[in-house]
Novice: 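Questions regarding the structure given below will be posed in turn.
As the structure is a computational prediction, the values presented were derived from the model and not from experiment. Below, read A as the first sequence line, B as the second, and so on, with proteins coming before strands; counting in each chain starts at 1.
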Protein chains: 2
Amino acid sequence: MTGRRQDLGASFARLTRAMIDAETPILAARGVGMWEYVVLSALEDGAAPTQAELAATVRRDKTRLIPILDALEGRGLLSRTPDPADRRNRVVALTEPGRAVLAACRAGVRAMEDEFLAAVPAAERRIFTTVLEQLADRTSR
Amino acid sequence: MTGRRQDLGASFARLTRAMIDAETPILAARGVGMWEYVVLSALEDGAAPTQAELAATVRRDKTRLIPILDALEGRGLLSRTPDPADRRNRVVALTEPGRAVLAACRAGVRAMEDEFLAAVPAAERRIFTTVLEQLADRTSR
DNA sequence: TATTGTTATACTCTATAACTATA
DNA sequence: TATAGTTATAGAGTATAACAATA
């Protein structure tokens, strides 16, 4: 029924590793670590109302998030401001420099991805990326 | 130019996690851990002439491989026999029970994967898995 | 001397639990 | 008392280095 030889998990794992290896130097050239990039990306569509919520969206423990936020805040790439309504909460938001750095990183990553997929014919590539995102989105909630 | 919203790396990482979460109970029901399954799978197409070579194919340090081999050998799922030509080498091979356990695990995993992909139309699914394997294979060598 | 496998050690990453400040 | 954030500690996972056996 299926012509697969490899487990899906094995293929996904290999490709994850390959993407990390390819992205690391791109991000490093902008002084950004892998997890820092993940955090910046998570804030692109809007500020996070609490750090706990941000930790959940990046699928990381809230305690592990703190050093990352410290570093990014120290470089002025994001801000942590107490929520006036409930001063226990800290709303995390990109600063303008943060948004610029994120845009530069994203552009570099996308260029690498385009090159990585270049050997795949356009029609198949479009189907592949569409299905990939559909499946990935299904795992979110 | 591309309609992607998510980075490929983010999608691959999510799906890797989802597959691990889905496979773990399937393997545990057969008393097999994730890395044990990876090792057994690597031996399916033939014995490994040395442990170092096996470690390389599963992309793991040779030192970390040892406890895994110890456990699998202890359960009689694989054998480590000194190579007569060079007695420093140990050739690692599946035993018959090992092959049976692997087959059972593989069947369970494939069933899970088929279900996971069931929502994708057959034509797109075939393209997706084909491209996925092509890309994954490219990362090996 | 060089190499395979092993063991031992150190390091990193991650998770759990205690602490503070607000509510 | 309960919760958000922080800090501190412990545990698992990983990598590096030393050791024994064989070549």
Novice: Heavy atom of residues 60-79 of chain B under 4.0 Å from DNA chain D: which residues?
Specialist: R60(B), D61(B), T63(B), R64(B)
Novice: Side-chain donor-acceptor contacts of residues 118-127 of chain B below 3.5 Å, not counting sequence neighbours, with atom names and distances?
Specialist:
{"unit_1": "R125(B)", "atom_1": "NH1", "unit_2": "L117(B)", "atom_2": "O", "d": "3.3"}
{"unit_1": "R125(B)", "atom_1": "NH1", "unit_2": "V120(B)", "atom_2": "O", "d": "2.9"}

Novice: Just how large is the angle between the end axes of the helix from dT1(C)-dA23(D) to dA23(C)-dT1(D), five pairs per end, to 10 degrees?
Specialist: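 For the helix from dT1(C)-dA23(D) to dA23(C)-dT1(D), the axes at either end differ by 20°.
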Novice: Restricting to pairs with a member in residues 87-100 of chain B, which pass salt bridge (Lys or Arg N to Asp or Glu O under 4.0 Å), not counting sequence neighbours?
Specialist: D86(B)-R88(B)
Novice: Please name all residues satisfying salt bridge (Lys or Arg N to Asp or Glu O under 4.0 Å) with D21(A), sequence neighbours left out, ordered by chain then number.
Specialist: R17(A)
Novice: Test of understanding: with salt bridge (Lys or Arg N to Asp or Glu O under 4.0 Å), list the residues that count as partners of E23(B), not counting sequence neighbours.
Specialist: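 Not a single residue meets the salt bridge (Lys or Arg N to Asp or Glu O under 4.0 Å) criterion with E23(B).
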Novice: Got a sec, which residues hit side-chain hydrogen bond (donor to acceptor under 3.5 Å, both in side chains) with T57(B), two or more places apart in sequence or on another chain?
Specialist: none
Novice: Checking E73(A) now: which residues fulfil salt bridge (Lys or Arg N to Asp or Glu O under 4.0 Å) with it, not counting sequence neighbours?
Specialist: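 Per chain and number, E73(A) pairs via salt bridge (Lys or Arg N to Asp or Glu O under 4.0 Å) with R80(A).
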Novice: Among residues 26-53 of chain A, which residues get a heavy atom nearer than 4.0 Å to DNA chain D?
Specialist: T50(A), Q51(A), A52(A)
Novice: With T50(A), which residues qualify under side chain to side chain contact (heavy atoms under 4.5 Å, CB included), at least two apart?
Specialist: A52(A), E53(A), N89(A)
Novice: Of the residues in residues 84-94 of chain B, which ones touch DNA chain D at a heavy-atom distance under 4.0 Å?
Specialist: D86(B), R87(B), R88(B)
Novice: Does anyone know the first and last nucleotide of DNA chain C in reach of chain A, 5' to 3', at under 4.0 angstrom to a heavy atom?
Specialist: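 Terminal contacting nucleotides, 5' to 3': dT14(C) to dA23(C).
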